[in-house]
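This report concerns only the one structure given below.
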Protein chains: 2
Amino acid sequence: MSLKREHCNVEGTLREAGLSQTARRVAVLTVMIQADGPLSAGDILKRTDPEQKINKVTIYRILSSFRENRIIRELPTDQGMNLYEMSCRHNPSHPHFYCKTCRTMSCLPPVNLSQAQESFAGQNVFRIDDVHVHVTGVCRQCHRQDKI
Amino acid sequence: MSLKREHCNVEGTLREAGLSQTARRVAVLTVMIQADGPLSAGDILKRTDPEQKINKVTIYRILSSFRENRIIRELPTDQGMNLYEMSCRHNPSHPHFYCKTCRTMSCLPPVNLSQAQESFAGQNVFRIDDVHVHVTGVCRQCHRQDKI
DNA sequence: AAATAAATTGCAATCGAGTTGCATTTTATA
DNA sequence: TATAAAATGCAACTCGATTGCAATTTATTT
Ligand SMILES: [Mn+2]
Ligand SMILES: [Mn+2]
Ligand SMILES: [Zn+2]
Ligand SMILES: [Zn+2]
């Protein structure tokens, strides 16, 4: 489920999103593109050049701007913190497996939900306790009330 | 997607789970059974009898025991807090729709994932931004290492 | 290149859902 | 009733994430 091969271009991605090219954004996006799985804000901070000593607030603000621009997607965990991964054409939306024991999230191939239980058996999955589908968007009521 | 009609019995549910019948547990479970959608810990606190003035810590501990006994299931939101709903035979696992605008979570009927986009169109869904499948359990590595 | 306006960043403080330790109260069992 | 076990309240705490504001950096215009 890793990508690596033929992935996004940092400068081009920022330009297309209309985000100015700052050293901080380039550093964070480079980490995200090179990641082989979902990362937490703390993971990202650790993987940036220590010389840059980026503030954690900056990490969160950059992650927010990336999320708003669909450069990354945010994956909530059962532990109350979020993980992040690239959301580009090289990495379309897919299921994730979260191990409650080692608290690691791993990516799973896209699959038909009704076949999920059997299909995930071949992955790094010993036991499945729950399969949860989470749909996000805007409801009719909010659209009617012009909240968006 | 509401239940109401022919739902679980409070005393029987606690007994089957091996949980002692305390006034607090009865109050929380009654709220959960009567709920017409996922509730937050704060929602539950508000819906219990003010005369009982239950402590929020007690709410969280009761929710944990209910979750461990599969009486309820926990639904993480994009806002960093959890919602809870009954996890009994009357309410099998199903997708949820979370509106980013009004921050309300509503239940959706079980559906084939590949048909999700079209199938959810008839619900209180104006626009779908993301369909995320979240699988929870234990990975092979953790099982091998006897962490469980 | 220098000046200006706009956007980004760091720092400290703060938020808030959720947790922990411990004393007190309630429940189950004898 | 007496006793042990479990549940609860209270206060303090954790930690990921957010906010306000001043300082810095970037983009844009002379
Ligand atoms: Mn992934
Ligand atoms: Mn539901
Ligand atoms: Zn694991
Ligand atoms: Zn809404």
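Residue numbers begin at 1 in each chain, while the letters A, B, ... track the order of the sequences. It should be emphasised that the depicted structure is a prediction, and the values quoted were computed from it without experimental measurement.
- Of all heavy-atom pairs between B/Ile54 and B/Leu45, the closest is O-CD1, 3.2 Å.
- Closest approach to the B/Ala41 side chain among C/dG18, D/dT26, C/dC11 is made by C/dG18 (side chain taken as heavy atoms from C-beta onward).
- In this structure, CZ of B/Arg15 is placed 11 Å from P of C/dA28, rounded to the nearest angstrom.
- Remark: B/Arg73 CZ to B/Arg67 CZ distance equals 13.0 Å, nearest 0.5 Å.
- In this entry the distance linking CZ of B/Arg67 with C1' of C/dA17 reads 13 Å, nearest Å.
- When the side-chain nitrogen and oxygen atoms of B/Asn82 are compared with OP1 and OP2 of C/dA17, none of them lie within a distance under 4.0 Å.
- Mapping B/Glu74 and A/Lys53 onto DNA chain C by nearest heavy atom places A/Lys53 at the nucleotide closer to the 5' end.
- Residue A/Thr22 places at least one side-chain N or O under 4.0 Å from the OP1 or OP2 atom of C/dT9.
- The separation between A/Leu14 atom CG and D/dT26 atom P is 13 Å, rounded to whole Å.
- Atom CG in A/Leu45 sits roughly 14 Å away from atom C1' in C/dT9 (whole-Å rounding).
- For C/dG10, the base has no donor-acceptor partner in the side chain of A/Arg24 [N/O atoms by modelled type, under 3.5 angstrom].
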| request: Report the C-alpha distance between A/Tyr84 and A/Leu75 in whole Å, list the side-chain angles of each, state the deciding distance to 0.1 Å, and finish with yes or no for side-chain contact (heavy atoms from CB on, under 4.5 Å). | output: CA-CA 6 Å; A/Tyr84 302 87; A/Leu75 314 173; over 6 Å; no

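- Of the two residues near DNA chain C, B/Gly80 and B/Leu19, the one whose nearest nucleotide lies more 5' is B/Gly80.
- Judged by distance alone with a 3.5 Å cut-off, a donor-acceptor contact links the side chain of A/Lys56 to the base of D/dA17.
- Atoms CD1 (B/Ile59) and P (C/dG16) sit 19 Å apart, rounded to a whole Å.
- The B/Ile54 side chain lies nearest to D/dG9 when the options are D/dA17, D/dG9, C/dA12.
- There is a side-chain donor-acceptor pair under 3.5 Å between A/Ser40 and A/Asp43.
- Residue B/Ser20 places no side-chain N or O under 4.0 Å from the OP1 or OP2 atom of C/dT26.
- Straight-line distance from the CD atom of A/Gln52 to the P atom of D/dT25: 12 Å, rounded to whole Å.
- Atom CG of A/Asp78 is separated from atom C1' of C/dT19 by 16 Å (rounded to the nearest Å).
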| request: For the pair A/Phe126 and B/Arg144, evaluate side-chain contact (heavy atoms from CB on, under 4.5 Å) and give the outcome as yes or no after the intermediate values. | output: CA-CA 9 Å; A/Phe126 164 65; B/Arg144 257 187 254 112; over 6 Å; no

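- Residue whose closest nucleotide on DNA chain D sits further toward the 5' end, between B/Thr58 and A/Ala23: B/Thr58.
- The listed nucleotides are D/dC10, C/dT9, D/dT18; the one nearest the side chain of B/Arg61 is D/dC10.
- Within the structure, every side-chain polar atom (N or O) of A/Tyr60 is placed at least 4.0 Å from both OP1 and OP2 of D/dT18.
- The nucleotide whose nearest atom lies closest to any side-chain atom of A/Ile62 is, among D/dT18, C/dA17, C/dT9, C/dT9.
- A/Arg25 comes within 4.0 angstrom of sugar-phosphate atoms only, judged by non-hydrogen atoms across all strands, and of no base.
- If you take CG of A/Asn55 and P of D/dA23, they are 16 Å apart, rounded to a whole angstrom.
- When only modelled atom types and interatomic distance are considered, A/Arg47 and A/Thr30 share no side-chain donor-acceptor pair under 3.5 Å.
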